[in-house]
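Quick note: numbers below take in every heavy atom, side chains included, and nothing from hydrogens, waters or symmetry partners. The structure displayed is predicted, hence computed values, not measured ones.
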Amino acid sequence: PDFLVVTGAVDNFVLDEWQKVLAQYNEASLQLHNQKADSSEEKEQGLRIKVRELLIEDFSGFDQRYENSTVGLQRWQDAWWLTASNSIFSGELFIADDAALPLITRLQWLKLPKSSVSDDLSPSDFDSLRKLNLDFSVEQLFLGDELFGNLGFELRSQEDGLVFNNISGDLRGLRINKENPATLEWLQTERGEETCLYGQFEFTDLGDVLENWHYERMIESREGNVSLDLTWPGTPNQWALAISSGPLYLKVKEGRFLK
């Protein structure tokens, strides 16, 4: 099929606006595809759009703005395949024609401000996330200049809040296996906001893990795991052991206390 290749540079790009244009393009392309040629039974393919290494000074999408992004865009099966790279992230997104299907985001790296862990999550953050149906993975997640690890999850909205299913990855030495993923729920209840986390986290040397999370190295181990089913009031990043309820089991092999 013929391609219309778009490249060069533009001042700004608003993804939400272009998704409407792409939806219209899909509909027109499908109608053309279904028309039979007068002289044969073959179906027309129509002209396809491919964006290649387009430099965008101001890129807006998913309630965020990014400067000096290089993007690519083309059809991939029943979806648009968007690649993007800037100072904040680099990776690819698959935006399905069917709005009921999740947005698939696969990133090579993502850099978040160090304050992301401590900043309060607001009702607007909650509402923005409820609009997303997201399958997410990142190979290298940074907080500031520090490599935090790798992470994957599936974000879904439910009646009383948000649920992060199939959480897996390695965060500062705490490993969550894909075969035994964790789950986090951010709920709106009659008592206010509430967060639930349950799963099993594995580690090698617990002393290294404690130091990675900026705690005192009180214990060392050859290997071990922690299983938990905790609930605490507030948002996910307001966790503190003192305000949590629920079981927490620590298993350590060949461990020793340093103090």
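- In terms of heavy-atom proximity, Gln200 sits nearest to Ile176 at O-CG2, 4.0 Å.
- Leu174 is connected to Ile219 through a chain of hydrophobic side-chain contacts under 4.5 Å among Ile, Leu, Val, Met, Phe, Trp and Tyr, so both are in one cluster.
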Give the table of side-chain donor-acceptor pairs shorter than 3.5 Å for residues 83-90, with sequence neighbours excluded, one pair per line with atom names and distance.
unit_1: Thr83; atom_1: OG1; unit_2: Gly72; atom_2: N; d: 3.3
unit_1: Asn86; atom_1: OD1; unit_2: Ile88; atom_2: N; d: 2.8
unit_1: Asn86; atom_1: OD1; unit_2: Phe89; atom_2: N; d: 2.9
unit_1: Asn86; atom_1: ND2; unit_2: Ser69; atom_2: OG; d: 3.0

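- For Asn150, there are no side chain to side chain donor-acceptor pair (under 3.5 Å) partners at least two apart in sequence or on another chain.
- Minimum interatomic distance between Ser221 and Leu206 (heavy atoms only, all atoms of both residues): OG-N, 3.0 Å.
- Among residues two or more places apart in sequence or in another chain, the side chain to side chain donor-acceptor pair (under 3.5 Å) test is passed with Gln158 by Asp160.
- Remark: Leu248 engages Val226, Leu228, Leu230, Leu241 in a side-chain contact (heavy atoms from CB on, under 4.5 Å) (not counting sequence neighbours).
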Name every donor-acceptor pair, under 3.5 Å, that has one atom in a side chain of residues 132-141 and the other anywhere in the protein, sequence neighbours excluded.
unit_1: Asn133; atom_1: OD1; unit_2: Arg156; atom_2: NE; d: 3.1
unit_1: Asn133; atom_1: OD1; unit_2: Arg156; atom_2: NH1; d: 3.2
unit_1: Asn133; atom_1: ND2; unit_2: Ala100; atom_2: O; d: 3.1
unit_1: Asp135; atom_1: OD1; unit_2: Arg156; atom_2: NH1; d: 3.0
unit_1: Asp135; atom_1: OD1; unit_2: Arg156; atom_2: NH2; d: 2.8

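- The distance from atom CD1 of Ile167 to atom CG of Asn180, rounded to the nearest 0.5 Å, is 12.0 Å.
- Listed by chain and number, the residues in a side chain to side chain donor-acceptor pair (under 3.5 Å) with Asn177 are Glu202 (sequence neighbours excluded).
- Val6 and Leu73 fall within a single hydrophobic cluster, where Ile, Leu, Val, Met, Phe, Trp and Tyr are joined by side-chain heavy atoms under 4.5 Å apart, directly or via other members.
- No hydrogens or angles considered: nothing links the side chains of Thr7 and Arg52 as a donor-acceptor pair under 3.5 Å.
- With sequence neighbours excluded, the residues that form a side-chain contact (heavy atoms from CB on, under 4.5 Å) with Thr70 are Glu53, Leu55.
- Residues Leu184 and Pro236 approach most closely at CD2-CG, 3.9 Å, considering heavy atoms.
- Residues satisfying the side-chain contact (heavy atoms from CB on, under 4.5 Å) test with Glu220, not counting sequence neighbours, are Asp205, Arg217, Arg256, Leu258.
- No more than 12 heavy-atom neighbours from other residues, nucleotides or ligands sit within 6.0 angstrom of CG on Asp145.
- In Glu67, the CD atom is not crowded: 12 or fewer heavy atoms of neighbouring residues, nucleotides or ligands sit closer than 6.0 Å.
- Note that CD of Gln188 and CG of Leu162 are 8.5 Å apart. Values are rounded to the nearest 0.5 Å.
- In terms of hydrophobic clustering, with Ile, Leu, Val, Met, Phe, Trp and Tyr side chains grouped at heavy-atom distances under 4.5 Å, Leu143 and Trp239 are assigned to a common cluster.
- When hydrophobic residues (I, L, V, M, F, W, Y) are linked wherever their side-chain heavy atoms come within less than 4.5 Å, the members clustered with Phe142 are Trp109, Leu147.
- The number of heavy-atom neighbours closer than 6.0 Å to CZ of Arg175, taken from other residues, nucleotides and ligands shown, is above 12.
- Among residue pairs with one or both ends in residues 164-219, those qualifying as ring pair (Phe, Tyr, Trp, His ring centres under 6.0 Å) are Phe126-Trp186, Phe148-Trp213, Phe153-Phe164; sequence neighbours excluded.
- Remark: Arg75 fails to qualify as a cation-pi partner of Trp81 under the 6.0 Å distance and 45° angle criteria applied to the six-membered ring.
- Nearest heavy atom pair, residue Glu159 against residue Arg130, reads O-NH2, 3.7 Å.
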Would you please test Leu155 and Leu129 for side chain to side chain contact (heavy atoms under 4.5 Å, CB included) and show each step? CA-CA 8 Å; Leu155 171 61; Leu129 289 172; 4.0 Å; yes
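- Side-chain heavy atoms closer than 4.5 Å link hydrophobic residues (I, L, V, M, F, W, Y) into clusters, and following such links, even through other members, never connects Leu197 to Leu187.
- Side chain of Thr195 to main chain of Gly234: a donor-acceptor pair is present (N/O by atom type, distance under 3.5 Å, no hydrogens or angles).
- When the side-chain contact (heavy atoms from CB on, under 4.5 Å) test is applied to Glu216, the partners found at least two apart in sequence or on another chain are Met218, Lys259.
- One distance of note links OH of Tyr66 with OG of Ser60; it measures 9.5 Å at 0.5 Å rounding.
- Rounded to the nearest 0.5 Å, atoms CH2 (Trp80) and CG (Leu93) are 14.5 Å apart.
- To the nearest 0.5 angstrom, Ile95 atom CD1 is 8.5 Å from Thr105 atom OG1.
- Hydrophobic clustering (ILVMFWY, side-chain heavy atoms < 4.5 Å, transitive): Ile104 and Val163 are in distinct clusters.
- Residues meeting the side chain to side chain donor-acceptor pair (under 3.5 Å) test with Glu223, sequence neighbours left out: none.
- To the nearest 0.5 Å, the span separating CG on Leu107 from CD on Glu92 amounts to 9.0 Å.
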